[in-house]
Amino acid sequence: MKLLSGNFYYREEARQAPRWVRGQLSITEDGYFGEFTAADNAGGDYFLPGFCDVHCHIGFAAVGQIATPQEALAQAQADRDCGILAIRDCGNLEYASGILDNPALPPIIRCGRHIARPKRYMRLLPIEVENLGDLPQVMAKQAEQSDGWVKIVADWIDRSQGADSDLDPLWPTEILQEGIAAAHQAGARVTAHAFSHKAIAGLLEAGIDCIEHGSGIDEEQAQECVRRGIPVTPTLLQVELFKQFAAQAGKKYPVYATTMQQMWEQRREHFAMLHAAGVQLLPGTDSGGYQPHGELGRELALWERGGVSPREIIDLATWHARDYLRIGTIEPGARADYLRYSSNPADDLVRATKPEKVALLGQEFYPAATVN
């Protein structure tokens with residue numbers, strides 16, 4: 001048995017809000033938290049639960065490119081070293097050997113593959129559903145092959161409309177409802193890629209569990225998300241690229257370009273609206289493809305710029321996110337995954353996203369340590 005001494009952001013029971021306590025916390029031989037004993041002279045280090053990244057693509061090197069095994073290992077290591085100790089993969093294509101169940105890497109909650117219509121998403125990533133009626137069966141199968149999550153693509157540009165092409169929903173609400181019900185029956189929750197306003201109403205009506213990006217959500221829909229307990233992963237680093245996407249569309253797709261430009265122009269006010277409405281915000285970098293790995297600090301810095309305090313951001317990105325993913329935090333019986341600091345990181349977001357040590361199952365690593 002191992003003993004940690006210091007200041008812990010700790011709770012005695014699941015679903016409680018943690019509080020700072022000083023003392024000693026035991027870790028079992030198999031890497032789980034044991035008993036906590038209060039002690040005023042327990043030492044000075046500080047311990048936070050690990051951050052989460054709920055929108056992360058390990059194994060995808062760039063747009064349309066699969067990572068090599070070496071690249072995938074480096075991606076997972078970079079995520080771990082910035083304090084991400086739990087990842088929801090959000091619909092990955094495949095994994096290199098040595099990534100899943102590696103005790104030196106963050107645990108991955110798999111969503112299976114993206115589900116989209118033909119030519120309505122990035123190349124290689126999705127399962128393409130030709131027949132709309134097949135969606136429930138496809139979602140049920142992905143539920144069985146995942147760790148309790150299914151990822152659908154709810155909107156994408158429809159280039160068949162030529163100059164009138166825009167971000168449009170991929171699925172009629174009725175078939176989307178059947179698909180989500182099939183995933184729920186198989187024991188999975190469903191998250192959806194959705195940029196546009198057009199796609200949100202159908203997702204809410206169909207019973208979606210989580211929304212990725214959500215850049216088209218209006219105030220009424222935000223209130224509905226709060227009422228139904230539907231969190232949003234704002235992926236602000238990705239939204240920063242919308243101006244670039246609009247420019248690339250140019251004169252060929254002017255309607256789509258205008259849509260992306262307007263969302264880019266309204267991005268800061270939109271994020272502030274989501275926060276003010278009380279929508280649960282989940283941390284997600286969208287790393288892989290357009291974003292590099294290990295960039296959680298940059299993503300959360302945009303949250304702070306949007307008016308969220310460092311302390312609230314840390315809460316949202318650690319124990320709140322872990323509760324939503326149904327994984328433990330610093331509490332009895334949970335995996336001993338934690339971040340270690342020599343001074344209190346509670347009000348310093350930059351410091352919090354640069355831990356001095358990270359631990360998985362009680363095994364501590366220095367950032368930039370070699371993954372074996």
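Residues satisfying the side-chain contact (heavy atoms from CB on, under 4.5 Å) criterion with A140, sequence neighbours excluded, are A182. Under the rule for a side chain to side chain donor-acceptor pair (under 3.5 Å), the partners of D79 that lie at least two apart in sequence or sit in another chain are H293. Under the side chain to side chain donor-acceptor pair (under 3.5 Å) criterion, Q177 pairs with no residue, sequence neighbours left out. A61 is linked by a side-chain contact (heavy atoms from CB on, under 4.5 Å) to Q65, A67, E71, counting only residues two or more places apart in sequence or in another chain. Take E224 and apply the side chain to side chain donor-acceptor pair (under 3.5 Å) test, not counting sequence neighbours, and it matches R227, R228. Listed by chain and residue number, L132, E174, I175 satisfy the side-chain contact (heavy atoms from CB on, under 4.5 Å) test with P172 (two or more places apart in sequence, or in another chain).
Sorted by first and then second residue, the pairs that involve residues 339-352 and meet salt bridge (charged side-chain N to carboxylate O under 4.0 Å, His left out), not counting sequence neighbours, are D45-R340, R311-D347, R340-E364, R351-E356. Sorted by first and then second residue, the salt bridge (charged side-chain N to carboxylate O under 4.0 Å, His left out) pairs involving residues 256-281 (not counting sequence neighbours) are E240-R267. The side-chain hydrogen bond (donor to acceptor under 3.5 Å, both in side chains) pairs that include a residue from residues 133-144 are Q142-Q145, where partners are two or more places apart or lie in different chains. Sequence neighbours left out, the pairs with a member in residues 96-125 that pass salt bridge (charged side-chain N to carboxylate O under 4.0 Å, His left out) are R110-D147.
Between the side chain of R322 and the backbone N or O of G328 there is at least one donor-acceptor pair closer than 3.5 Å. A donor-acceptor contact shorter than 3.5 Å links the side chain of S26 to the backbone of E35.
Judged by the 6.0 Å distance and 45° axis criteria, R19 is not positioned over the aromatic ring of Y9.
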Solution key, residues 300-310 side-chain donor-acceptor pairs under 3.5 Å, sequence neighbours excluded:
{"from": "W303", "atom 1": "NE1", "to": "E299", "atom 2": "OE2", "distance (Å)": "3.3"}
{"from": "S309", "atom 1": "OG", "to": "E312", "atom 2": "N", "distance (Å)": "3.2"}

Could you give the side-chain donor-acceptor pairs of residues 251-258 under 3.5 Å, partners two or more places apart or in another chain?
{"from": "T258", "atom 1": "OG1", "to": "P254", "atom 2": "O", "distance (Å)": "3.0"}

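In terms of heavy atoms, R298 sits closest to L237 at NH2-CD2, 3.5 Å.
Between atom CD of residue Q221 and atom CG of residue L203 there is a gap of 9.5 Å, rounded to the nearest 0.5 Å.
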